[in-house]
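Before any comments, here is the structure.
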Amino acid sequence: MINLTIDGVQLQVPEGTSVMSAAAGVGIEVPHLCFLKDINEISACKVCVVEVQGKSKLITACNSPVEEGMVVYTNSPKVRRVRKTNVELILSQHDCHCATCVRSRNCNLQQISNDLGILEVPFTEEVPETPWDHSFPLIRDSRKCIKCMRCVQICDKVQAMHVWDVQNTGSRTTVDVADNKTIDCSDCTLCGQCITHCPTGALRERDDTYKAFEALADPEKVTVVQVAPAVRTAWGEELGLNAEEASEGKMVAALKRIGFDYVFDTNFAADLTIMEEGNELLDRLDNSRKYAWPMFTSCCPGWVSFVSKKYPEYLRNLSTAKSPQQMFGAMAKTYFAQKKGIDPNNICCISIMPCVSKKREASLSYMKSAGAGQDVDIVLTTREFVRMIRAEHINTRFLKEQAFDSPLGESTGAGVIFGVTGGVMEAALRTAYAVVEGKNPEADAFRAVRGRDGRREADFTLGDQILHTCTVSGLANAEKLMEDIKAGRVSYDFVEVMACPGGCVGGGGQPIHDGCEFAERRGGTLYRLDSERKLRFSHENPEVQKAYEEFLGKPLSRTAHKLLHSEHVN
Ligand code: HC0
Ligand code: SF4
């Protein structure tokens with residue numbers, strides 16, 4: 001153990017601890033911009049400088065290890081002076097138009113500049129704007145980039161996609177798409193992890209809120225909105241609501257207040273997905289020679305994009321079941337439209353998702369099976385949803401709980417847990433077991449698939465077969481999985497992959513908390529909601545049962561195939 005003093009506090013920490021983390025352990029926060037624990041510890045921003053007694057040069061706290069007897073000052077006059085100059089230098093190359101920045105009020109640079117009392121930028125340079133295709137779902141504003149390298153490192157180390165790279169040298173150093181590619185020609189899966197780890201507004205989603213406002217204002221349009229499972233765990237975070245205040249019922253009420261005609265639940269479609277995908281798995285097991293193994297889940301568009309870009313020979317392993325988002329769109333513009341006597345061409349189908357990649361999934365050419373344009377017209381992230389609440393001046397504390405509308409609003413606990421890594425697997429196993437054994441298992445029988453690790457294996461008995469399963473989140477973990485499968489080092493029957501660490505709860509469209517991971521906490525909310533639901537098996541969802549009776553026939557029927565399944569094309 002090492003003994004040291006930080007700002008007058010004596011402490012003991014293990015050897016190798018950084019000064020920043022030693023300080024954090026006794027409640028002293030050293031300001032920083034580029035630091036991301038275990039991912040980016042390169043002291044690029046020099047904001048975390050601290051003074052060590054007896055040393056003339058300041059050191060960077062993020063990557064300097066503690067030393068025996070060290071006396072550290074994290075906020076001495078010298079530290080404040082140098083830190084301020086370092087931040088002023090960053091600002092000199094930054095577009096400081098905060099009023100028009102999507103990250104205003106949630107920007108580390110803005111916060112630190114305010115905290116340091118910087119009221120004007122003493123030196124400014126003209127920052128050139130790199131051209132960008134603003135129709136792409138991910139937008140980069142080069143003038144707001146502070147070259148912290150977080151995006152480069154997240155995309156390299158956590159997602160293994162290597163989309164970004166450093167370009168130029170000296171004061172012209174910048175980050176851009178690697179190999180001089182344009183973003184649409186790169187390997188970007190639109191997972192959005194670079195956005196949620198960017199400390200400023202240099203990266204963001206394409207804003208589609210104006211399209212939603214236009215549809216809401218159009219008297220011809222019937223606006224039908226669906227809300228993804230993970231959104232309900234996070235929508236209140238930026239509004240300062242705690243988990244209890246940010247209930248599902250208040251979220252529905254906020255959407256009604258915004259003016260959506262029908263507020264439905266993607267969880268309904270998640271239950272529907274289980275009916276199709278669970279039966280598809282059983283069909284593949286019965287005819288195992290006809291199919292490529294393992295079967296992969298297909299509901300995460302970041303993962304589907306990853307397979308298509310890096311392992312296209314495995315596209316046929318993906319379940320043909322569409323994602324819940326897309327199943328919902330197809331059902332809204334057929335079954336729901338028919339039941340209500342609405343011309344599907346007048347329906348504007350809007351999704352609220354914790355995901356940026358869903359914007360692209362909705363626009364794929366083959367996602368228009370209902371014959372009325374794209375099945376899903378507009379996709380908004382959780383962050384865009386929050387912006388709409390703000391734009392409407394809704395005081396969420398005064399909202400009264402409201403229920404989802406029918407017939408696409410009922411859901412079970414199995415549908416709820418789709419939003420957390422392992423949830424699709426667990427929900428599918430609950431129903432597959434019931435189909436094979438003729439009775440429900442204990443609802444938590446498959447909890448072995450839950451957990452924090454990026455990759456988990458579990459075997460389950462299904463009838464007379466042992467099912468080898470694997471659950472993965474994060475694309476670097478997915479890459480390792482694929483290499484193991486290719487090399488024959490592992491053999492599985494059913495594999496669930498979610499592109500974002502922790503699953504959709506940690507999605508790239510969720511509220512941002514300066515590099516802090518909220519996935520686990522949000523996942524806990526979904527497991528709580530599952531345990532509180534009266535119904536916990538997708539096949540027991542009464543609205544799903546009714547949809548089969550009235551419209552789809554049975555799982556994997558012709559109608560189901562036409563609307564709810566698709567081949568994955570490269
Ligand atoms: Fe997900 Fe989904 S669970 S991908 O993360 O399957 O985005 O929340 O909506 O579609 O249901 C995202 C979340 C969804 C879909 C569902 C799946
Ligand atoms: Fe990389 Fe994901 Fe960002 Fe695309 S969205 S650049 S894959 S981190």
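Remember, it's 1-based here, ligands and their atoms both numbered in the order they're listed.
A donor-acceptor distance shorter than 3.5 angstrom exists from the side chain of Ser186 to the backbone of Cys188, with no hydrogens or angles considered. Between the side chain of Thr421 and the backbone N or O of Gly502 there is no donor-acceptor pair closer than 3.5 Å. His197 places no side-chain N or O within donor-acceptor distance of the main-chain N or O of Leu36, the cut-off being under 3.5 Å. For Arg536 (side chain) and Gly413 (main-chain N/O), no donor-acceptor pair under 3.5 Å exists by modelled atom type. In this structure, Thr266 contributes its side chain and Val227 its backbone to a donor-acceptor pair below 3.5 Å. Checking side-chain atoms of Asp165 against main-chain N and O of Val177 turns up no donor-acceptor pair under 3.5 Å. The backbone N or O of Met498 lies less than 3.5 Å from no partner atom in the side chain of Ser473, so there is not a single donor-acceptor pair.
If you look at atom 1 (Fe) of ligand 2, the protein N, O or S atoms less than 2.8 Å from it are Cys155 SG.
Counting protein heavy atoms only, atom 16 (C) of ligand 1 is closest to Pro324 CG, 3.4 Å. Scanning all protein heavy atoms for the shortest distance to atom 9 (O) of ligand 1 gives Ala228 CB, 3.0 Å. In this structure, atom 8 (O) of ligand 1 lies nearest to the protein heavy atom Ala230 N, 2.8 Å.
For ligand 2, the atoms closer than 4.0 angstrom to any heavy atom of Gly192 are 2 (Fe), 5 (S). When each atom of ligand 1 is checked for a heavy atom of Phe418 under 4.0 Å away, the hits are 3 (S), 6 (O), 11 (O), 16 (C), 17 (C). Which parts of ligand 1 touch Gln325 is read off a 4.0 Å heavy-atom cut-off, strictly below it: atoms 10 (O), 15 (C). Those atoms of ligand 2 with a heavy atom of Leu138 less than 4.0 angstrom away are 5 (S). Remark: ligand 1 atoms within the under-4.0 Å shell around heavy atoms of Cys355 are 7 (O). Near Leu190, with a cut-off below 4.0 Å to any heavy atom, the atoms of ligand 2 are 4 (Fe), 5 (S). The Cys299 neighbourhood of ligand 1 comprises atoms 4 (S), 6 (O), 17 (C), with distances under 4.0 Å to a heavy atom of that residue. Remark: ligand 1 atoms within the under-4.0 Å shell around heavy atoms of Cys504 are 1 (Fe), 3 (S), 4 (S), 5 (O), 7 (O), 8 (O), 12 (C), 13 (C). Close approach of ligand 1 to Met353 (heavy-atom distance below 4.0 Å) involves ligand atoms 7 (O), 9 (O). Less than 4.0 angstrom separates some heavy atom of Ala270 from each of these atoms of ligand 1: 11 (O).
Within a 6.0 Å sphere centred on CD of Glu313, other residues, nucleotides and ligands contribute more than 12 heavy atoms.
With respect to the salt-bridge test (charged N to carboxylate O, under 4.0 angstrom), the residues Asp176 and Lys181 do not qualify. Using a cut-off of 4.0 Å between Lys/Arg side-chain N and Asp/Glu carboxylate O, Asp208 and Lys211 are scored as salt-bridged.
A donor-acceptor pair shorter than 3.5 Å cannot be found between the side chains of Thr196 and Gln510. A donor atom on one side chain and an acceptor atom on the other are not found under 3.5 Å apart for Lys358 and Thr381. Tyr311 and Glu483 share a donor-acceptor pair across their side chains, judged by distance under 3.5 Å alone.
Considering both main-chain and side-chain atoms, Thr266 never comes within under 3.5 Å of ligand 1 through any nitrogen or oxygen pair. Of the N or O atoms in Lys358, one or more lie within a sub-3.5 Å distance of an N or O in ligand 1.
Using the six-membered ring where Trp is involved, His513 and Phe518 have ring planes that are parallel, under 30° apart on the 30 and 60° scheme.
Using a non-hydrogen distance threshold of 4.0 Å, Pro354 registers as a contact of ligand 1.
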